[in-house]
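Please read all numbers here as calculations on a predicted model, not as lab measurements. When reading the values below, keep in mind they use all heavy atoms of this one structure, side chains included, and skip hydrogens, waters and symmetry mates. All chains are named by letter (A, B, ...) in the order of the sequence lines, taking the proteins before the strands, and each is independently numbered beginning at 1.
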Amino acid sequence: MKISDKNKDFFALVYEVVKQIPKGRVTNYGAIANYLGTKRSSRMVGWAMNASHIYKEIPAHRVVNRQGLLTGKMHFDYPTEMEELLMSEGIEVINDQIVNFQIVFWDPEVELAIA
DNA sequence: CCATTGACTTAAG
DNA sequence: CCTTAAGCCAATG
């Protein structure tokens, strides 16, 4: 998939990255924004996530803030849905905080290796 | 069109 | 550890 495809909306680009997050791994808003070349616009990534619920198949639960905190849990159907999904993938979550966050962290800029 | 808000991040006090 | 401030930009009223 070519990221240089400018015909797509910023949101669509975010979705494509999020879809590629491996199961059992997570990333943060800033990393995605950085990968898309707009690292200061991490808020837009959050916006994209907010809109992603209409596009199914977007594992928004694998995107947390840079502390590994489930800041967006309240935007799911139920506040506990996010951590339940993460737990079901083998990610340990305690008090809305992902345990071993830096271990399960998935950086698109590294994993997708920008050319 | 202007003001406010927000699933963010970094820096500074 | 806490609070502010600033930068970022789409969406909403």
Side-chain angles (χ1 to χ4, degrees):
Chain A
M1 206 55 185
K2 219 173 178 184
I3 282 298
S4 56
D5 204 338
K6 296 175 185 172
N7 292 327
K8 290 179 170 301
D9 292 323
F10 178 78
F11 284 14
L13 293 174
V14 173
Y15 299 150
E16 292 194 17
V17 174
V18 175
K19 280 186 199 170
Q20 293 177 69
I21 301 175
K23 181 180 179 181
R25 300 285 219 101
V26 296
T27 190
N28 64 46
Y29 306 96
I32 295 174
N34 184 41
Y35 176 68
L36 296 179
T38 57
K39 87 176 185 187
R40 303 272 171 147
S41 305
S42 46
R43 285 192 149 128
M44 297 304 96
V45 178
W47 249 132
M49 291 298 94
N50 188 30
S52 72
H53 75 93
I54 59 179
Y55 303 86
K56 296 142 182 124
E57 308 304 316
I58 306 296
H61 61 281
R62 295 186 187 143
V63 184
V64 296
N65 77 344
R66 101 169 188 81
Q67 303 173 34
L69 203 57
L70 281 54
T71 53
K73 56 179 289 186
M74 65 246 326
H75 292 271
F76 286 78
D77 292 344
Y78 295 97
T80 56
E81 186 179 354
M82 189 172 187
E83 46 187 286
E84 284 180 11
L85 288 170
L86 290 173
M87 289 297 247
S88 69
E89 295 183 355
I91 297 175
E92 193 173 359
V93 178
I94 297 179
N95 195 22
D96 300 340
Q97 170 69 52
I98 294 178
V99 180
N100 297 325
F101 176 60
Q102 53 184 336
I103 303 299
V104 298
F105 178 64
W106 182 84
D107 187 348
E109 189 169 358
V110 174
E111 305 293 341
L112 296 182
I114 298 178

Distance in angstrom units between [X] [atom1] and [N] [atom2], rounded:
| X | N | atom1 | atom2 | result |
| --- | --- | --- | --- | --- |
| M74(A) | dG6(B) | CE | P | 11 Å |
| F76(A) | dA7(B) | CZ | C1' | 8 Å |
| M44(A) | dA7(B) | CE | C1' | 11 Å |
| Y29(A) | dG6(B) | OH | C1' | 11 Å |
| F11(A) | dA7(B) | CZ | P | 13 Å |
| E81(A) | dA7(B) | CD | P | 17 Å |
| Q67(A) | dT10(B) | CD | C1' | 12 Å |
| H75(A) | dA7(B) | NE2 | C1' | 5 Å |

With nearest nucleotide decided by heavy atoms, which residue, A60(A) or R66(A), maps closer to the 5′ end of DNA chain B?
A60(A)
Count the heavy atoms belonging to other residues, nucleotides or ligands that lie under 6.0 Å from CD of E81(A), then report whether that count exceeds 12.
yes
Ignoring hydrogens, what is the shortest heavy-atom contact between D96(A) and L69(A)? Give both atom names and the distance.
O-CD1, 3.1 Å
Which atoms form the tightest heavy-atom contact between R62(A) and I21(A), and what is the distance?
NH1-O, 2.9 Å
NA contact type, A51(A), heavy-atom cut-off 4.0 Å: base, sugar-phosphate, or nothing?
nothing
Assign N65(A) to base, sugar-phosphate, or nothing according to its heavy-atom contacts below 4.0 angstrom with the strands shown.
sugar-phosphate
If the test is side chain to side chain contact (heavy atoms under 4.5 Å, CB included), which one of V17(A), T27(A), N34(A), L36(A) qualifies with E109(A)?
N34(A)
Testing I91(A), I98(A), L70(A), N95(A) one by one against E83(A) for a side chain to side chain contact (heavy atoms under 4.5 Å, CB included), which residue passes?
L70(A)
First contact, last contact: which nucleotides of DNA chain C are these for chain A, 5' to 3', heavy-atom distance under 4.0 Å?
dG7(C) to dA11(C)
Using the six-membered ring wherever Trp is involved, compare the ring planes of Y55(A) and Y15(A) and label them parallel, tilted or perpendicular (cut-offs 30° and 60°).
tilted
Would you say D9(A)'s side chain and A12(A)'s backbone share a donor-acceptor pair under 3.5 angstrom?
no
What's the closest nucleotide to the N28(A) side chain, out of dA7(B), dG6(B), dT9(B)?
dT9(B)
